[in-house]
Amino acid sequence: DGGRIADCDHSERIFIADMCELESRQVLTSPDGEVRRCRFSPDGRHLGATTDHSLQLWDTVSGGAPTILFKDKAQITGLDFSPDGRFVAAATDAGICRIWDVRTGHLEQTFGDRHRLLGYRTQCRFSPTGEQVLTATSRGDVRIWDPATGDALWTWGGRRSHHRGCLPPRRTACGHL
């Protein structure tokens, strides 16, 4: 919603603050270890958070314990919501990206290249329309996927560079991120 920020301090806590007052209004505690990254859904109703090996989803309006959507041996290295907030995507260092329905928690799609990209940090980002998902690895592989089918639509990579990802900008109350 652009009016709040979430901060994870590499503990089990997530602090949610009002952008204008910059005071913590809400503190969420992860039931599954140290929180590594967090992101609000576009409408601000949900907060996705990852520990090293799990994806958690909070309803920030009703509060309460999070839903743990996913646990894995692979480290979760990327997190994003679709522009309409209906889906959440998480990518791992095993080269896999998964997409869940936020409302039901149902796993909708899995795609990636587990064998070729094992061990490379993978980021993920929905396109502004939500019709594609971009993944980028620390090895330099960039792919655009169809989230409905799981098909790779475009591939570029293997440059052996170590970039952090190639992610489209997001519009916020303060401009582009």
Side-chain angles (χ1 to χ4, degrees), residues 1-2 6 32 35-60 66-172 175-177:
D1 64 1
D32 197 41
V35 177
R36 296 291 186 171
R37 64 199 43 79
C38 58
R39 181 179 294 267
F40 279 109
S41 62
D43 64 2
R45 180 177 179 93
H46 294 95
L47 181 76
T50 67
T51 64
D52 276 342
H53 304 284
S54 73
L55 170 62
Q56 303 167 27
L57 188 65
W58 272 272
D59 183 324
T60 62
T67 300
I68 297 179
L69 295 178
F70 174 69
K71 286 185 109 171
D72 194 63
K73 292 178 185 173
Q75 184 179 21
I76 298 173
T77 56
L79 171 67
D80 197 28
F81 281 92
S82 63
D84 62 7
R86 289 184 52 216
F87 300 101
V88 62
T92 70
D93 67 354
I96 300 298
C97 184
R98 293 175 175 88
I99 299 175
W100 290 265
D101 182 298
V102 169
R103 189 177 50 80
T104 67
H106 181 263
L107 178 63
E108 295 290 325
Q109 192 59 260
T110 300
F111 48 85
D113 192 346
R114 179 182 304 274
H115 302 292
R116 214 166 60 81
L117 300 176
L118 186 62
Y120 292 99
R121 292 179 51 85
T122 303
Q123 294 290 327
C124 60
R125 183 66 59 104
F126 280 92
S127 68
T129 62
E131 295 173 359
Q132 292 96 25
V133 173
L134 181 139
T135 59
T137 71
S138 59
R139 188 181 92 148
D141 297 280
V142 178
R143 290 196 171 100
I144 297 176
W145 305 87
D146 181 333
T149 65
D151 294 334
L153 303 174
W154 184 80
T155 301
W156 180 62
R159 295 182 299 123
R160 305 241 183 250
S161 66
H162 292 283
H163 66 293
R164 297 266 183 212
C166 176
L167 305 176
R170 284 287 168 94
R171 192 111 175 107
T172 67
H176 284 86
L177 282 181

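Treat the numbers as computed from the prediction; the structure is a model and nothing was measured. Counting from 1, the numbers follow the sequence of the chain as shown.
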Enquirer: Working note: F111 + D146, criterion side-chain contact (heavy atoms from CB on, under 4.5 Å); need CA distance, chi angles, decisive distance, verdict.
Expert: CA-CA 9 Å; F111 48 85; D146 181 333; over 6 Å; no
Enquirer: Kindly say whether T122 contributes a backbone atom to a donor-acceptor pair with the side chain of T137 at under 3.5 angstrom?
Expert: no
Enquirer: Quick one: closest heavy-atom pair of P147 and V133, and the distance?
Expert: CB-CG2, 3.9 Å
Enquirer: For the residue pair R125 and R39, what are the closest heavy atoms and their distance?
Expert: NH2-NH2, 3.0 Å
Enquirer: Out of curiosity, F87 CZ to D80 CG, how far, rounded to the nearest 0.5 Å?
Expert: 13.0 Å
Enquirer: Working to the nearest 0.5 Å, report the span between SG of C124 and CD1 of I96.
Expert: 12.0 Å
Enquirer: Tell me which one of L47, D43, V102 satisfies side chain to side chain contact (heavy atoms under 4.5 Å, CB included) with F81.
Expert: V102
Enquirer: Side chains of V142 and W154, heavy atoms from C-beta outward: is any pair under 4.5 Å?
Expert: yes
Enquirer: Restricting to non-hydrogen atoms, name the atom on P128 and the atom on P83 that form the minimum distance, rounded to 0.1 Å.
Expert: O-CG, 3.1 Å
Enquirer: Between the main-chain N or O of T60 and the side-chain N or O of H46, is there a donor-acceptor pair closer than 3.5 Å?
Expert: no
Enquirer: Within this structure, what is the CD-OG distance for the pair Q132 and S127, rounded to the nearest 0.5 Å?
Expert: 4.5 Å
Enquirer: Is a side-chain donor or acceptor of D101 paired with a backbone partner of H106 at a separation under 3.5 angstrom?
Expert: no
Enquirer: Can you list everything that forms a side chain to side chain donor-acceptor pair (under 3.5 Å) with R45? Sequence neighbours excluded, please.
Expert: D59
Enquirer: Drop me the distance from T50's OG1 to R37's CZ, to the nearest 0.5 angstrom.
Expert: 4.0 Å
Enquirer: With rounding to the nearest 0.5 Å, note down the distance linking CD in Q56 to CZ in F70.
Expert: 12.5 Å
Enquirer: For residues W145 and D151, determine if any side-chain heavy atom of one lies less than 4.5 Å from a side-chain heavy atom of the other.
Expert: no
Enquirer: When you measure from the side chain of Q109 to the backbone N and O of A148, does any donor-acceptor pair fall under 3.5 Å?
Expert: yes
Enquirer: Quick one: pull up CD in E131 and CD1 in I144 and give me the separation to the nearest 0.5 Å.
Expert: 12.5 Å
Enquirer: State whether the side chain of S41 and the backbone N or O of G85 hold a donor-acceptor pair below 3.5 Å, judged by distance alone.
Expert: no
Enquirer: Using distance alone, with no hydrogens and no angle criterion, decide if R143 and T135 have a side-chain donor and acceptor under 3.5 Å apart.
Expert: no
Enquirer: Is the closest side-chain heavy-atom distance between R98 and L107 below 4.5 Å?
Expert: yes
Enquirer: If we only count heavy atoms from C-beta on, is the W100 to L57 side-chain gap below 4.5 Å?
Expert: no
Enquirer: Of I76, D32, L55, which meets side chain to side chain contact (heavy atoms under 4.5 Å, CB included) against K71?
Expert: D32
Enquirer: Any side-chain heavy atom of L79 sitting closer than 4.5 Å to one from V88?
Expert: yes
